[in-house]
Amino acid sequence: MKALRGFVGLKALVLAGAALIALPADATELRVFAAASLTDALDDVLVLCTATTGDTATGIYAGSGTIARQIDQGAPADLYISANPQWMDWLEQRDRIAGATRTDLLGNRLAFVTDTGDTDLLRGEAGRPWAYFAEARIAVADTGSVPAGIYARQALENLGWWEQPDIQAALVQSSSVREALTWVLRGEAGFGIVYASDAKSTPHLKTVLIDQKHHDPIRYPAAVVADNDSPEARRLLACLKGAEASDIFVNFGFSIAER
């Protein structure tokens with residue numbers, strides 16, 4: 001469910017070209033390539049920033065690795081926001097981002113979610129019936145390339161679950177964390193490992209937060225893309241770090257990174 005509903009009406013006005021916030025004829029159109037987990041929150045933040053800066057901005061969402069590779073191949077991105085530092089590092093090493101603009105924007109948590117399953121199975125209870133997971137399936141983002149999946153694998157390894165045969169049989173991997181969440185919502189998987197912000201967007205699901213000690217800190221770095229470095233792109237990045245944008249992100253379940 002969208003947070004800060006006041007911005008939804010604002011979004012409609014922007015899209016309709018309402019005179020109250022009419023954009024100048026030469027307004028710059030910016031593209032923000034961002035991790036799929038940011039979809040709802042960033043959409044609202046970009047409405048705010050459009051009204052604030054006068055430059056229209058569109059979010060383009062997918063797994064962090066997918067969009068990083070697209071940027072490397074020349075996709076017309078102005079900003080990149082990753083769900084982990086590794087993909088940002090990869091682009092920086094290839095001189096694809098303006099390094100001086102790189103900043104840690106947000107933080108997050110991991111959570112187990114289920115619609116009909118028993119949350120006691122997710123709390124590390126002794127004697128848990130692993131075979132149940134194989135029947136129910138556990139949806140995760142790709143554990144080799146998508147940040148949410150990488151964090152999920154770290155957590156499962158540190159919990160001592162990863163090597164369990166029933167867990168391996170139960171895992172179903174998706175191209176993004178939002179796809180994994182959708183599988184749970186559709187009943188195609190009995191359990192999922194997603195971000196806490198995703199869990200907050202679906203409050204009817206049962207949720208168990210995963211202790212942060214079991215995985216690397218979840219950080220969302222943001223940067224201007226080198227090929228499209230401009231005052232407008234830097235102004236948008238500054239807006240994303242501002243107090244009003246931060247309030248929106250927090251309302252969607254993210255935390256604000258220390259900078």
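If you're wondering where the values come from, they're calculated on a predicted model, not measured in any experiment.
Ion pairing between R153 and D142 fails under the 4.0 Å rule for side-chain N and carboxylate O.
Heavy atoms only, all atoms of each residue included: L110 and A148 are closest at CD2-O, 4.3 Å. Nearest heavy-atom pair, V146 versus V177, reported as atom, atom and distance to 0.1 Å: CG1-N, 4.5 Å. Counting all heavy atoms, side chain and backbone alike, A83 lies closest to S64 at N-OG, 2.9 Å. Between I81 and A222, the closest heavy-atom pair is CG1-CB, 3.9 Å. Nearest heavy-atom pair across T143 and Q173 is N-OE1, 2.9 Å. Residues A57 and T50 come closest through the heavy atom pair N-OG1, 3.6 Å.
When each of V32, L30, I248, T58 is checked for a side-chain contact (heavy atoms from CB on, under 4.5 Å) with L46, only V32 meets the rule.
Here the side chain of S176 pairs a donor or acceptor atom with the backbone of E179 at under 3.5 angstrom. Not a single donor-acceptor pair under 3.5 Å links the side chain of R31 to the backbone N or O of I60. The backbone N or O of N84 lies less than 3.5 Å from a partner atom in the side chain of S82, making a donor-acceptor pair. Remark: the backbone N or O of Y195 is paired with a side-chain donor or acceptor of D198 at under 3.5 angstrom. In this structure, the side chain of K200 engages the main chain of N251 through a donor-acceptor pair within 3.5 Å. The backbone N or O of W162 lies less than 3.5 Å from a partner atom in the side chain of Q168, making a donor-acceptor pair. Proximity of a side-chain donor or acceptor of T114 to a complementary backbone N or O of K206 within less than 3.5 Å is not detected. The backbone N or O of L171 lies less than 3.5 Å from no partner atom in the side chain of R137, so there is not a single donor-acceptor pair.
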| side chain to side chain donor-acceptor pair (under 3.5 Å) between T53 and E232: does it pass, once the steps are laid out? | CA-CA 8 Å; T53 67; E232 293 81 8; over 6 Å; no
| field | Chi angles and distances behind the side-chain contact (heavy atoms from CB on, under 4.5 Å) call for L185, H204 | value | CA-CA 10 Å; L185 293 173; H204 70 281; 3.6 Å; yes
| message | Between L42 and F249, does the side-chain contact (heavy atoms from CB on, under 4.5 Å) criterion hold? Intermediate values first, please. | response | CA-CA 8 Å; L42 187 58; F249 284 126; 4.1 Å; yes
| Test log, rule side-chain contact (heavy atoms from CB on, under 4.5 Å), inputs L79 and L237 | CA-CA 8 Å; L79 267 68; L237 181 57; 4.0 Å; yes
| Where do V194 and T202 land on the side-chain contact (heavy atoms from CB on, under 4.5 Å) test, with the steps shown first? | CA-CA 11 Å; V194 299; T202 51; over 6 Å; no
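Side-chain heavy-atom separations under 4.5 angstrom define the hydrophobic clusters, and the remaining members of the one that includes V172 are W183.
Counting heavy atoms from C-beta outward, D78 and F33 have side chains that stay 4.5 Å or more apart. Side-chain contact between V250 and I256: present, with at least one pair of heavy atoms (C-beta onward) separated by less than 4.5 Å. Counting only heavy atoms from C-beta outward, the side chains of F112 and L205 never approach each other to under 4.5 Å. A heavy-atom distance below 4.5 Å is found between the side chains of T101 and R234. In this structure, R109 and I218 have side chains that are not in contact, with every pair of non-hydrogen atoms separated by 4.5 Å or more. Residues K241 and L105 are in side-chain contact: their nearest non-hydrogen atoms beyond the backbone lie under 4.5 Å apart. The shortest distance between side-chain heavy atoms of R219 and L106 does not fall below 4.5 Å. At least one side-chain heavy atom of I193 sits under 4.5 Å from a side-chain heavy atom of I138.
The CG atom of D247 sits 13.0 Å away from atom CG of D44, with the distance rounded to the nearest 0.5 Å. Summarising the geometry, atom CG belonging to D55 is positioned 10.0 Å from atom SG belonging to C49; distances are rounded to the nearest 0.5 Å.
Under the 4.5 Å side-chain heavy-atom criterion for grouping Ile, Leu, Val, Met, Phe, Trp and Tyr, L91 is not connected to L240 through any hydrophobic cluster. In this structure, V225 is not a member of the same hydrophobic cluster as L38, with clusters built from ILVMFWY side-chain heavy atoms closer than 4.5 Å. L159 and I150 are assigned to two separate hydrophobic clusters, defined by single-linkage of ILVMFWY side chains at heavy-atom distances under 4.5 Å.
Remark: aromatic rings of W161 and F191 are distant, center separation not under 6.0 Å.
Among pairs with a residue in residues 51-90, those fulfilling ring-ring contact (aromatic ring centres under 6.0 Å, His included) read W87-W90, at least two apart in sequence or across chains.
Partners of Y220 by side chain to side chain donor-acceptor pair (under 3.5 Å), not counting sequence neighbours, listed by chain and number: S37, N108. Residues meeting the side chain to side chain donor-acceptor pair (under 3.5 Å) test with N228, sequence neighbours left out: none. Listed by chain and residue number, D89, E92 satisfy the side chain to side chain donor-acceptor pair (under 3.5 Å) test with R102 (two or more places apart in sequence, or in another chain).
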Pairs under 3.5 angstrom only: tabulate donor-acceptor contacts from the side chains of residues 65-76 to other protein residues two or more places apart or in another chain.
{"residue": "D72", "atom": "OD1", "partner": "R94", "partner atom": "NE", "Å": "2.9"}
{"residue": "D72", "atom": "OD1", "partner": "R96", "partner atom": "NE", "Å": "3.3"}
{"residue": "D72", "atom": "OD2", "partner": "R94", "partner atom": "NE", "Å": "3.2"}
{"residue": "D72", "atom": "OD2", "partner": "R94", "partner atom": "NH2", "Å": "3.0"}

